[in-house]
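Read through the structure below, which is laid out as structure tokens, and then see the notes.
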2 protein chains.
Amino acid sequence: MDQGTADLALAIGARVKRERQARHWTLDQLAEAAGVSRRMVVNVEQGGVNPSVGTLLRISDALGIGLPALVEQPQAKPVKVTRSGEGAVLWSGESGGRGVLVAGTEVVELWDWTLEPGDRHVSEAHAAGTKELLQVQHGTITVHVADESNTLSAGDALAFAGDVAHSYENPHTQPARFCLAVFEPVVGTGLRSEAGRA
Amino acid sequence: MDQGTADLALAIGARVKRERQARHWTLDQLAEAAGVSRRMVVNVEQGGVNPSVGTLLRISDALGIGLPALVEQPQAKPVKVTRSGEGAVLWSGESGGRGVLVAGTEVVELWDWTLEPGDRHVSEAHAAGTKELLQVQHGTITVHVADESNTLSAGDALAFAGDVAHSYENPHTQPARFCLAVFEPVVGTGLRSEAGRA
DNA sequence: ACTGGCAGTGCAGTATCATGCACTCATGGA
DNA sequence: TCCATGAGTGCATGATACTGCACTGCCAGT
């Protein structure tokens, strides 16, 4: 392993370890979630090996971060100004479904959504960097994110980037309810570092 | 090599070949510039192998494009589904209550908490700036933050700073359940970068 | 002391990445 | 026709990524 590869391996390892610990995951949990051996997770975290992209892909997948983010060389990123995001909008469907903002601070919001059968809520893309996390409490909903649709039943959860157009839909015959956490990065004041296109 | 890895290998190969041909380089030229064997360049271009990051680093270096640009997934999938029962259990009480991480990204986590009668979970103070938002789905819980205690019933919600010691408790006779969103600001070394969205 | 649970190491075995060489095939120019 | 150049293949070989297991050390709880 040459010098450049060794540096990269160390940087990757530091990121993996950091992300794993931020989630309070053990080595075993990450290993199982990623489908690689625990031994390999240790090796990668310590930068002691030159892993294949397949291995890194599985790890980055399990962590929910992009592979490019994992392999970025440590260097200053260009600062990108993001557009202003629209405020959260209360919504109600014609069948009685509604989205209610139940708690919020400047950067995080927690919503309680009820979708009656047939209800559908379409959301514009939010500010860049917005993340949404939801978990279904009962019923079944379908979430569309960027050409992709995911059907979720009670207990299922979903994490996705809210900076693309997305929608929630209840195409079934039973009412559905889910909680939704939205994180919008602060724009205007803070500098937000975004991975720049090379 | 699994399916995801194979797809990625093909995408990488296509990019390498395109970049090489755009420069009117022969296989030998790229191989020598990158310091890898010509045989390996061919294999990578055809997506027939699962190369190590070291190899890809040398190739991306020779081509003058960044490694992240090479490994970007064709259609980035910033969506992660957690199926019911798949979440990592952070805490479980002796009566059967538990806290399960159902969805999370780098900065936000969504938890599904169940507190059986008598259950009590005490949390250390998190990093400065941490915010927690929760809403009770059913039952009644008492949340202690700093010196203050709040009793919440179904539908009630609470937002508070998580950077002080706090605890969740169910001193009643019915099981309780609530969803909890945690936002942890990143105060680290500045190593963190945001995943570039494709 | 005696349990877990987690982080990390050591080692043997297997899969495969990666190399070097020899070869075919196609193109094009003298 | 002969020769040169570049793309791509088949194969034997060495290096190492990756796995699984056993093990140590550490810490918290009882």
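Note on naming: letters A, B, ... go to the chains in the order of the sequence lines (proteins, then strands), and numbering restarts at 1 for each one.
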Fill in the blank from the handout: Letter by letter from the 5' end, nucleotides 4-18 of chain D scores (B base, S sugar-phosphate only, - none; protein heavy atoms under 4.0 Å) --SBBBBB-----SB
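- The pair Arg38(B)-Glu32(B) does not meet the salt-bridge criterion, since no charged nitrogen lies less than 4.0 angstrom from a carboxylate oxygen.
- Of the N and O atoms on the side chains of Asn50(A) and Ser52(B), at least one donor lies less than 3.5 Å from an acceptor on the other residue.
- When the shell of 6.0 Å around CD of Glu169(B) is examined, it contains more than 12 heavy atoms from other residues, nucleotides or ligands.
- Within the 4.5 Å cutoff, the side chain of Asn170(B) has no heavy atoms near those of the Thr140(B) side chain.
- If you take CG on Leu152(B) and CZ on Phe178(B), they are separated by 9.5 Å, rounding to the nearest 0.5 Å.
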